Amino acid sequence: MTKTEQVTPEGSESEHAIASRPDRAEKARDDMTPYEAATYFFHKSADRLELRDEMREVLGSTYRELAVQIPVRMDDGNIAVFRGYRIQHNGARGPYKGGIRYHESADLDEVRALAALMTWKNALIDVPFGGAKGGVQCDPRALSSAELERLTRRFTSMISYIIGVHRDIPAPDMGTNAQTMAWMIDAFGQKNGYTPGIVTGKPVELGGSQGREEATGRGVVMCTLEAAKRKDLQFEGARIAVQGFGNVGYWTAALASEQGASIVAVSDVGGGTYNRNGLDISKVFASLEDAESVTEFGDGDSVSNEELLELECDILIPAAIQGVIDGDNADEIKAPMVVEAANGPITPIADELLLERGLTIVPDILANTGGVTVSYFEWVQNIQEFRWEQKDVNAELQKRMSKATAEVFARSDKDTTSLREAAFDIAVSRVARADELRGYV
Ligand code: NAD
């Protein structure tokens, strides 16, 4: 869709929500909402880049927001009504792209924040996409597979007005997976015909890409290896703590351990497990066949999610939810390097506190771009109807992760800014330039 169409779809709650202005964004406090935190980093970048006011207004707000009610027949015969969102932040560089999250906290504000981060992420890793995000406010663990399928089908049909292969392409995020994408393809296809390119992160059997499932974790590890090299931190034998043991956390832990690091702790929503001599990640994974949580793993001591963040280790990788490192615990973080595999795990005030203490923070918009990069490869394969081999996917991913990491470090050195500031400055200038060239602003 071109930026000039400005369609207001049925059910649109607000077409163009105006975001925080700098005065609000200046509030470097922990009580910022996720969207305020995301726009805080944007406005700081806009100041450094001296963006024009109109450009700041366009990039500091979302293009389109669709909010829908999703009535779902539950297994017990009752109907439960959920709230779902699809938010498109900026489409200057290509079709909107971003995952769909099923989580209790996935409200309008959180999905807005994640949509904006996708715009910066896609620009930084230089894939031809704009930024979007979707979410359904629910606890997926409390729903049966049949209930999840009904919810997904209904949600897909409700957002079908604004998604499309060249318009907006969803993918998995927290609480969703390849199976969710398979239901989405089927629901969308019932109306529109066979359209594998409508989502990415789908099963390989339905046109998914080799290597997509582990791509975010693989990208996190590639980026961490490069960052460690630049910071003279020996990766082999490095003690790494990973918060979150879902798609991103598991693959990050497994692949980092394959590269010789020692994963001393992992956790999930129930808590964590710690072993100072290193955990065998394949055994932790296998233990989940009979256990609800990694806390039940026999070869480790149990730790809380809060304790995990404060462990003595060389690299800390939050790979679960946002805002886990804040003003209260920033001074307790002992790892000299924090790699943001999750989106927004460090609040703005914690970011300042960690930087003051000289820690290296590898920001989310760089560290976790592996997933969307391989999603881009998947989309290309769907459009061309041509399959890549896994080794080609990994080689292309490595090229892009290395290039983006080098660009961020070089910019940070040149401007004496943090890695996050450098990453935002590169991304924001690219999107601003695209909007300028289109004549949109
Ligand atoms: P997932 O649902 O597969 O796993 C989430 C993990 O976090 C689970 O282990 C869960 O138990 C844990 N968790 C949930 N709530 C928690 C809490 N309050 N405290 C501690 N742990 C908690 O999700 P995922 O796809 O691995 O996504 C994890 C993070 O990575 C999210 O921030 C997501 O936005 C980000 N991310 C994901 C992708 C992707 O391709 N899946 C890409 C980029 C970024």
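Whatever order the structure lists ligands and atoms in, that order sets their numbers, starting from 1. Because the structure is a prediction, the values reported are computed rather than measured.
At a 4.0 Å cut-off, at least one heavy atom of R101 sits close enough to ligand 1 to count as contact. The shortest separation from a heavy atom of M118 to ligand 1 is not under 4.0 Å, leaving the residue out of contact.
For atom 15 (N) of ligand 1, the candidate residues are V220, V269, D364; the nearest heavy-atom contact is made by V269. Closest heavy-atom approach to atom 28 (C) of ligand 1 within the set G219, G246, A319, P172: this belongs to A319.
Counted by atom type alone, E213 and W251 present one or more donor-acceptor pairs between their side chains at under 3.5 Å. Side-chain atoms of Q137 and R83 include no donor-acceptor pair closer than 3.5 Å.
Considering only non-hydrogen protein atoms, atom 20 (C) of ligand 1 sits nearest to N305 ND2, 3.3 Å. Regarding atom 36 (N) of ligand 1, its nearest protein heavy-atom neighbour is D173 OD1, 3.8 Å. Remark: minimum distance from atom 35 (C) of ligand 1 to any protein heavy atom is reached at N343 ND2, 3.8 Å. Atom 18 (N) of ligand 1 has its closest protein heavy atom at I321 CD1, 3.3 Å.
Looking at ligand 1, you won't find any N or O of K121 less than 3.5 Å from one of its N or O atoms. For ligand 1, the polar-atom distance check finds an N/O of A320 within less than 3.5 Å of one of the ligand's N/O atoms. Geometrically, ligand 1 and N247 share a nitrogen or oxygen pair separated by less than 3.5 Å. Here's the thing with G175: one of its N/O atoms is less than 3.5 angstrom from an N/O atom of ligand 1. Ligand 1 has no N or O atom lying under 3.5 Å from any N or O atom of Q243, backbone or side chain. On a distance-only criterion, G249 and ligand 1 share no N/O pair closer than 3.5 Å. Not a single N or O atom of S267, backbone or side chain, sits closer than 3.5 Å to an N or O atom of ligand 1. In terms of polar-atom proximity, V248 is counted as a contact of ligand 1, with an N or O under 3.5 Å from an N or O of the ligand.
Exactly one residue among L148, D186, V72 makes a side chain to side chain contact (heavy atoms under 4.5 Å, CB included) with R153. That residue is D186. Exactly one of I426, D425, L419 qualifies for a side chain to side chain contact (heavy atoms under 4.5 Å, CB included) with S412. That residue is L419.
Contact check on E407 versus R411 returns no salt bridge, with no Lys/Arg side-chain nitrogen under 4.0 Å from an Asp/Glu carboxylate oxygen. Residues D168 and K97 are not paired through a salt bridge, judged by the lack of any N-O separation under 4.0 Å between the basic side chain and the carboxylate. Taking a cutoff of 4.0 Å between a charged side-chain nitrogen and a carboxylate oxygen, E421 and K44 do not qualify as a salt bridge. Ion pair E378/K202 flagged as a salt bridge, since at least one NZ, NE, NH1 or NH2 atom sits closer than 4.0 Å to an Asp/Glu carboxylate oxygen. The pair K334-D314 does not meet the salt-bridge criterion, since no charged nitrogen lies less than 4.0 angstrom from a carboxylate oxygen.
Inter-residue side-chain proximity for R101 and E110 is flagged as met; some heavy-atom pair is nearer than 4.5 Å.
Proximity of the aromatic rings of W120 and F42 is defined here by a centroid distance below 6.0 angstrom, and this criterion is met. Ring centers of Y96 and Y63: under 6.0 Å apart, within the cut-off.
Annotation for ligand 1: atoms under 4.0 Å from non-hydrogen atoms of A341 are 30 (O), 35 (C), 44 (C). With ligand atoms numbered from 1 in the order given, ligand 1 contributes 29 (C), 30 (O), 32 (O) to contacts under 4.0 Å with heavy atoms of A342. Annotation for ligand 1: atoms under 4.0 Å from non-hydrogen atoms of F245 are 9 (O).
For Q69, the CD atom counts as loosely surrounded, since its 6.0 Å shell holds 12 or fewer non-hydrogen atoms of other residues, nucleotides or ligands.
Contacts with ligand 1 closer than 4.0 Å are made by no heavy atom of E292, backbone or side chain. With a 4.0 Å cut-off on non-hydrogen atoms, T216 touches ligand 1 through its side chain and not its backbone.
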